[in-house]
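Everything on this sheet refers to the single structure shown next.
Labels below follow one simple rule: chain letters A, B, ... track the order of the sequence lines, proteins then strands, and each chain is numbered from 1.
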Amino acid sequence: MVKFENTNPADFHGVWVFCEQRGGEVNPTAYELLSEGRKLADDLGVELCGLLLGDNVKDLAPAFGGYGADRVLVCEDPLLKEYTTDAYAKVLCDMVMEHKPEVVLIGATNIGRDLGPRCAARLHTGLTADCTHLDVDVAKYKEFLKSTSTMDVEKMQWDMSDKGLKMTRPAFGGHLMATIICPRFRPQMSTVRPGVMQCAPFDQAKADACKVELCPVTLSESDLKTKVLEVVKEAKSAVDLIGAEVVVCVGFGISKDVKTGIELAQQLADALGGVVGASRAVVDAGWLDASHQVGQTGKTVRPKIYIALGISGAIQHKSGMQDSECIIAVNQNGDAPIFEIANYGIVGDLFKIVPEMIEQLKK
Amino acid sequence: MKFIVCVKQVPDTSGVVAVKADGTMDRSRMATITNPDDLNAVEAALALKDQNPEAKVIVVSMGPAPAEGMLRELLAMGCDEAVLVSGREFGGSDTFATSQIIAAAIAHIGLDEDDIIFCGRQAIDGDTAQVGPQIAEKLDLPQVTYAIDLKLEGDKLIVRRQLEDGYMTIETSLPCLVTCIKELNVPRYMTVKGILESFSKPYQVFDYNELKDEPLIELDTIGLKGSPTNVYKSFSPPLKGAGVILDGSPAESVEKLFAALTEKHII
Ligand SMILES: Cc1cc2nc3c(=O)[nH]c(=O)nc-3n(C[C@H](O)[C@H](O)[C@H](O)COP(=O)(O)OP(=O)(O)OC[C@H]3O[C@@H](n4cnc5c(N)ncnc54)[C@H](O)[C@@H]3O)c2cc1C
Ligand SMILES: Cc1cc2nc3c(=O)[nH]c(=O)nc-3n(C[C@H](O)[C@H](O)[C@H](O)COP(=O)(O)OP(=O)(O)OC[C@H]3O[C@@H](n4cnc5c(N)ncnc54)[C@H](O)[C@@H]3O)c2cc1C
């Protein structure tokens, strides 16, 4: 394999976002990461570039400009139609070696978390997993620490000229936050948790101005050691937890009458224009399917209103919802940890409280 | 035919979690367990061995000496051999360096044409899910992550790979690496016979000297020095300021709730 010289940061320029698509449908992480990448590129004074891989996908590219991309590099090949680790890793690494971006962001989807580590290992660089916050500017990073930690930020030593990417992520099941850096190698890579970065409003003028470039791809059947036999989309009405403004989440507290508990949650969600989520205890019990699960091993949501019904508030659950704008908890145990992060709490039986909520909302 | 399973000993993050004043984990005060996904990886290997009795299951763990206890338990579950990769030189490794060392250990064991490497998808402490794919890259093997079903058909492995909105069925040549999730299977228990036999099964320790001639092992690719990433800061996550508890009868508390939400223009 060719040796990729990547120890001199001065050789690397620009912020890249891997814009994931499946079957011609753009994964929302692409827009989220472009919106975030735009801020980083502005702080660095460099270009933001989207990287799009697929077969016949270039028509998707201009929209990326609307979320902040200055330029989109498109790699098309029939072998890129379905995601395979081998084909995607080869093309992504070839592109990075040729164009030398300083930052590469990838959505931490099931595909991104397959692709990212493979590429980072091949490029001999670091990869930070499942990030929830990114900074290049030290002053902004200090502000972030002030608002999210108890550290005495002003007493610490800072190199204000440092423009390295500071990638913050939860570890130990959400018990610990770590900011990771990659000082010696380029690009600085991170996978970013879906649903965490906020989408900028779409800007038609920027979309029209965005440059789209088709790039040559060198790929042959012999590069692929795996074959995709089928791709199955589960038809069950997958709930759109991540996009919802209101999430009504049920926990094991519905156990004494599961059917009624779920119906109540659904009615409350309908009344507020929201969707129903679930804790892992509920999913493990088979009461709702896994697409409803909120938390570390489920989805991360940050709706306007999050209502927790009969959820204790385990750290693995909290890590998936604690950034919601307004958290409302109903739990019969006044000591349940969920109340530690709730804006509003009602101590009581959800089977009495929720019907009352639905009733009052009807008025 | 060998099934090599990578297993990590982790602090039990669902129990008491001890954080030191400087924001790092106090591992000495926490119980250790076998990483949950790795038990699914072990079960996957043992189930394939049930169908291919000539195959050998080797568990490999990198970590400090006490991980021996965990490896003995895995031998008692039915694994045939265990390897502990342990050495001061390996400490402080990020996922790049960790995968480099484990890949070297696997190369040292030797990979045959029909071998399969199993990993868990994710360790519950570091939580990165990166080590599996990175081992595959360093050994130049095909990988399939998020396995929820697998079967061996001739010289191919057919794996069902979970996606957020469904699944993909993938055929891969061997040797290959598969990462496993809890939906794949239910791990078996140790048996009394297994426990008795576990003490006579082969158990080896690979230290730096044992591995140093492997091409993957160089001082600038392992340990803290060989890790491209560094921890810049670590801290406990924020607690939101305690909110308001709305008391009274159900009707009263709900009234108070909606009054507050309306006042703040939340609804
Ligand atoms: C590696 C790992 C990953 C995990 N990932 C996730 C994840 O992604 N998401 C997740 O949610 N969990 C996750 N968990 C599980 C998590 O630790 C908890 O076990 C789970 O969140 C508990 O769900 P619960 O709050 O619904 O149930 P419980 O903890 O059983 O809580 C039920 C609550 O309901 C209350 N209650 C009971 N009856 C009523 C009633 N009638 N009215 C009002 N309140 C009532 C009780 O007081 C109690 O607080 C994970 C765990 C591990 C180890
Ligand atoms: C707070 C914190 C944050 C971190 N963040 C990052 C980061 O963003 N990027 C980074 O590169 N490193 C990071 N690290 C370092 C990383 O945790 C270690 O390199 C760790 O040894 C491996 O990563 P993991 O626990 O995430 O394993 P994962 O990659 O989640 O493990 C996946 C599978 O690989 C196998 N495996 C993993 N470790 C071993 C082992 N020691 N022995 C045998 N099999 C194993 C198991 O089958 C496991 O199920 C971080 C460490 C800390 C303390």
Handout entry: Contact summary for B:Asp165 and A:Arg22, nearest pair of heavy atoms
Key = OD1-NH1, 3.6 Å
Completion exercise
Honestly, the part of B:Gln122 sitting under 4.5 Å from a heavy atom of chain A is side chain
Practice task
Select one option (side chain, backbone, both, neither) describing which atoms of A:Lys166 are under 4.5 Å from chain B's heavy atoms.
Solution key: side chain
Practice task
Measure distances from A:Pro355 to the heavy atoms of chain B and classify the residue's part below 4.5 Å as side chain, backbone, both or neither.
Solution key: neither
Practice task
For residues B:Lys182 and A:Asp284, determine if any side-chain heavy atom of one lies less than 4.5 Å from a side-chain heavy atom of the other.
Solution key: yes
Completion exercise
Heaviest contributor of heavy-atom pairs below 4.5 Å to chain A, chosen from B:Thr172, B:Ile266, B:Val254, is B:Val254
Exercise for the section: Measure distances from B:Thr179 to the heavy atoms of chain A and classify the residue's part below 4.5 Å as side chain, backbone, both or neither. Expected result: neither
Handout entry: Spacing of B:Phe235 atom CZ and A:Thr148 atom OG1 [to the nearest 0.5 Å]
Key = 4.5 Å
Fill in the blank from the handout: Of all heavy-atom pairs linking B:Ala129 and A:Pro117, the shortest is O-CG, 4.3 Å
Practice task
Please round to the nearest 0.5 Å and tell me the distance separating atom OG1 of B:Thr229 and atom CG of A:Leu127.
Solution key: 8.5 Å
Handout entry: Atom group of A:Met151 that falls short of 4.5 Å from chain B, counting heavy atoms
Key = side chain
Practice task
Could you check which of A:Ala120, A:Gly345, A:Gly348, A:Ala129 has the highest count of heavy-atom pairs closer than 4.5 Å to chain B?
Solution key: A:Gly345
Fill in the blank from the handout: Per-residue tally against chain B (heavy atom, under 4.5 Å) across A:Lys352, A:Gln188, A:His124 peaks at A:His124
Completion exercise
Looking only at A:Glu359, A:Lys304, A:Met156, A:Arg280, the option with the highest number of non-hydrogen pairs under 4.5 Å against chain B is A:Arg280
Exercise for the section: For each of B:Thr145, B:Thr95, B:Val144, B:Asp125, tally heavy-atom pairs with chain A at distances under 4.5 Å, and name the one with the top tally. Expected result: B:Asp125
Handout entry: Contacting moiety of B:Leu257, where chain A heavy atoms sit under 4.5 Å
Key = side chain
Handout entry: Heavy-atom pair count under 4.5 Å with chain A, highest-scoring of B:Gly166, B:Pro250, B:Pro228
Key = B:Pro228
Problem - Residues of residues 107-114 of chain A with any heavy atom under 4.5 Å of a heavy atom in chain B - result: A:Thr109, A:Asn110, A:Ile111, A:Arg113, A:Asp114
Practice task
Locate the shortest heavy-atom distance separating B:Gln143 from A:Thr85; write the atom from each residue and the value.
Solution key: NE2-CG2, 3.3 Å
Exercise for the section: For chain B, find which of A:Ile180, A:Ile328, A:Val231 contributes the most heavy-atom pairs closer than 4.5 angstrom. Expected result: A:Ile180
Completion exercise
One option among B:Cys176, B:Ala136, B:Ser249, B:Gly248 has the most heavy-atom pairs under 4.5 Å with chain A, and it is B:Ala136
Practice task
Identify which part of B:Lys156 has an atom lying under 4.5 Å from any heavy atom of chain A, answering side chain, backbone, both or neither.
Solution key: neither
Practice task
Identify which part of A:Met167 has an atom lying under 4.5 Å from any heavy atom of chain B, answering side chain, backbone, both or neither.
Solution key: neither
Exercise for the section: Under 4.5 Å heavy-atom distance to chain A, tell me which part of B:Lys138 shows up: side chain, backbone, both or neither. Expected result: side chain
Exercise for the section: With a 4.5 angstrom heavy-atom cut-off, could you sort out which part of B:Ile158 is near chain A: side chain, backbone, both or neither? Expected result: side chain
Handout entry: Toward chain A, the part of B:Gln100 with a non-hydrogen atom under 4.5 Å
Key = neither
Problem - Residue selection (most heavy-atom pairs with chain B, distance under 4.5 Å) from A:Ile181, A:Thr226, A:Leu272 - result: A:Ile181
Problem - Donor-acceptor under 3.5 Å (B:Glu171 side chain, A:Leu229 main chain) - result: no
Handout entry: Heavy-atom proximity to chain A below 4.5 Å, by part of B:Tyr167
Key = both
Practice task
Compare every heavy atom of A:Tyr83 with every heavy atom of B:Met168, then report the nearest pair and how far apart it is.
Solution key: CE-O, 3.4 Å
Handout entry: Geometric class of the A:Tyr141/B:Tyr232 ring pair [parallel <30°, tilted 30-60°, perpendicular >60°]
Key = tilted
Practice task
Mind ranking A:Ser319, A:Ala121, A:Gly126 by heavy-atom pairs under 4.5 Å with chain B and telling me who comes out on top?
Solution key: A:Ala121
Handout entry: Residue pair B:Phe96 / A:Thr125: nearest heavy atoms and the distance that separates them
Key = CD1-O, 3.9 Å
Handout entry: Test salt bridge (charged side-chain N to carboxylate O under 4.0 Å, His left out) applied to B:Asp220 and A:Arg184, step by step
Key = CA-CA 12 Å; B:Asp220 60 0; A:Arg184 294 177 295 129; over 6 Å; no
Completion exercise
So, the part of A:Asp162 with a heavy atom under 4.5 Å from chain B: the answer is side chain
Exercise for the section: Mind running side chain to side chain contact (heavy atoms under 4.5 Å, CB included) on A:Lys233 and B:Leu163 for me, showing each step along the way? Expected result: CA-CA 9 Å; A:Lys233 266 201 167 188; B:Leu163 293 173; over 6 Å; no
Practice task
Examine whether an atom of A:Phe185 lies under 4.5 Å from a heavy atom of chain B, and if so say whether it belongs to the side chain, the backbone or both; otherwise answer neither.
Solution key: side chain
Exercise for the section: Hey, could you give me the CD/CD1 distance between A:Glu82 and B:Ile170, rounded to the nearest 0.5 Å? Expected result: 10.0 Å
Problem - Side-chain donor-acceptor contact under 3.5 Å, A:Arg118 with B:Gln134 - result: no
Practice task
Can you tell which part of A:Thr168 gets under 4.5 Å to a heavy atom of chain B, answering side chain, backbone, both or neither?
Solution key: side chain
